[in-house]
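Please read the structure below before turning to the comments.
In this text the structure is predicted, and so the values were computed from the model without any measurement. Just so we're on the same page: letters track the sequence lines, and every chain starts at 1.
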2 protein chains.
Amino acid sequence: MAKQKRNAQETKLKILTNAKLLFSKQGYDATTVDDIANASDVNKALIYYYFKNKSGLYSEVMSGLFDAIYEEVVNSSKKCNSVVDELEVFIYSYASYAYKHPYFPALLLRELSDSGAHLPEMMFVSMRRLFSLLSDILKRAEEQKVFKHSIAMVVHFMIIGGLNLMVTTKPLRVKAMKMDKDIDTCADCLVDDVAEFIFETMKNSLEVR
Amino acid sequence: MAKQKRNAQETKLKILTNAKLLFSKQGYDATTVDDIANASDVNKALIYYYFKNKSGLYSEVMSGLFDAIYEEVVNSSKKCNSVVDELEVFIYSYASYAYKHPYFPALLLRELSDSGAHLPEMMFVSMRRLFSLLSDILKRAEEQKVFKHSIAMVVHFMIIGGLNLMVTTKPLRVKAMKMDKDIDTCADCLVDDVAEFIFETMKNSLEVR
DNA sequence: GATAAAATTAACTAATCAGTTAGTTAATTA
DNA sequence: TAATTAACTAACTGATTAGTTAATTTTATC
């Protein structure tokens, strides 16, 4: 039976971690509970012991991720002296997290691709919260006459769309580079260079001159 | 048996259309061949008569879409007198197509979210081709000293990421607006306003001053 | 009009899926 | 230390899935 001593927290975490990786790689529907159980080296019934069902597991995976990135972005913003700094830090911290946790962009894009049809409610709240952060930055920047008026939602999606897609398409871009050296798909671009380019693009465009 | 006269082309098209809608709405894995057959009001075995298998059907759906958008963008570009015009038209024609065919952004984002792991080969080629278009515009603009140097791949993803996400998240944004009027999620934004904002953002940032 | 080919049908198949059940074992409690 | 609880297991269940088969019907060809 048990190969070693029991540790419930450790078991649960193992399940969550493997679920996160598999949902990220294969998507929710193509990932079976058996997949997750096998990857975690636990009996499938255990997953129902710890989580209500497959979607309950998914919800926990996603809420963990959203909480983490929100904290990352918020905590980074606290050290800023200006709204332009805040925008920069928003972009850098989001980029940093996304590159370090590539399952996050994959999961997020999948959810957003069907308008969150199966989006757990708390995830919806988290996303609105994240957008609020950026929206607030842009609004204050406008009030301070640092930035022009902007469509915050579009800014948001240009930033996170750009970043997320840069993460998720890495293998594709590497493949494309091998096939055609004339096309620069940024296969070796560093995360900071990407974040910097996006930040400079937004700043140069929005700043009042 | 047959409820009316047979028309093979019409039957095939009906299957493709319904497959496109369902794959777009539910994703590949959650859409069953039975779903598609029922939606098309045909016998399931017919799908195997016309297409090799489920993934063969998917490939045909996707290649149709990519050919269509590529043509749309290319044909629009032919009427341009300057590289800046070309960029504008690239963005506007992509936006126009994406808004008129919301299943395309949904399908594309899903594929890109897992780095095209299941991406049909011809779709990979189509995407590279589309990116080449933009990359070429930016390169020429740089050579003509109209635009500064840019990371074409990041520009590409900021543009298509922004546009695609604006399309796919429409219902989410409407929902968010209802819950909190203080947040402007651009729920009623017009496609041309979005395209214009994205174009102006890229132009203002990249143009040499 | 007869035959062949194309389009279509109903029924079938083996495998897989989310979830369940009853039993076992380790850890905790009294 | 015995009883209870928590963590875990193997096996099961009914429904669903992609794909198949053989038969039927319609259309095209001669």
Centroid separation B/Phe199 to B/Phe90 less than 6.0 Å:
no
Distance in angstrom units between B/Arg6 CZ and C/dA5 P, rounded
16 Å
Salt bridge present between A/Lys44 and A/Asp35 (N-O < 4.0 angstrom):
no
Name every residue in residues 52-62 of chain A that has at least one heavy atom under 4.0 Å from any atom of DNA chain C, in order of residue number, or write none if there are no such residues.
A/Asn53, A/Lys54
Length of the CD-P vector between A/Gln9 and C/dA26, whole Å
21 Å
Minimal non-hydrogen separation, A/Pro102 against A/Ser24, with atom names
O-OG, 4.4 Å
Using whole Å, what does the distance between atom C1' of nucleotide D/dT25 and atom NZ of B/Lys5 come to?
12 Å
Value in whole Å for how far the P atom of D/dA10 lies from OH of A/Tyr48
17 Å
Walking DNA chain C from its 5' end, the first of A/Val33 and B/Val42 to be reached, judged by nearest nucleotide, is B/Val42
Once hydrogens and angles are ignored, does a donor-acceptor distance under 3.5 Å link the base of D/dA18 to the side chain of B/Lys44?
yes
Let me know, please, whether A/Ala30 or A/Ala45 comes out on the 5' side of the other along DNA chain C by nearest nucleotide.
A/Ala30
Can you find a side chain N or O atom of A/Tyr49 that sits less than 4.0 Å from OP1 or OP2 on D/dT9?
no
Please tell me whether B/Thr32 and B/Asp34 have a donor and an acceptor in their side chains that are separated by less than 3.5 angstrom.
no
Taking only side-chain N and O atoms of A/Tyr50, does any of them lie within less than 4.0 angstrom of OP1 or OP2 on D/dA6?
no
Taking A/Glu86 first and then A/Arg140, would you say they form a salt bridge - that is, a charged N and a carboxylate O separated by under 4.0 Å?
yes
Pairwise 5' ranking along DNA chain D for B/Tyr28 and A/Lys12, keeping only the more 5' one
A/Lys12
Taking atom C1' of C/dA26 as reference, at what distance in whole Å does atom CD of A/Glu10 sit?
15 Å
What is the distance, to the nearest angstrom, from the CZ atom on B/Phe51 to the P atom on D/dA18?
15 Å
According to the side-chain hydrogen bond (donor to acceptor under 3.5 Å, both in side chains) rule, which pairs have a member within residues 188-198 of chain B, sequence neighbours left out?
none
Compare side-chain N and O positions of B/Thr11 against OP1 and OP2 of C/dA7 and report whether any pair is under 4.0 Å apart.
no
Separation of A/Leu46 atom CG from D/dT9 atom P, in whole Å?
5 Å
Any disulfide bond (SG atoms under 2.5 Å apart) involving residues 163-205 of chain A? Give me the pairs, sequence neighbours left out, ordered by first then second residue.
A/Cys186-A/Cys189
Between C1' on C/dT21 and CG on A/Asn43, what's the gap in Å once rounded to a whole number?
12 Å
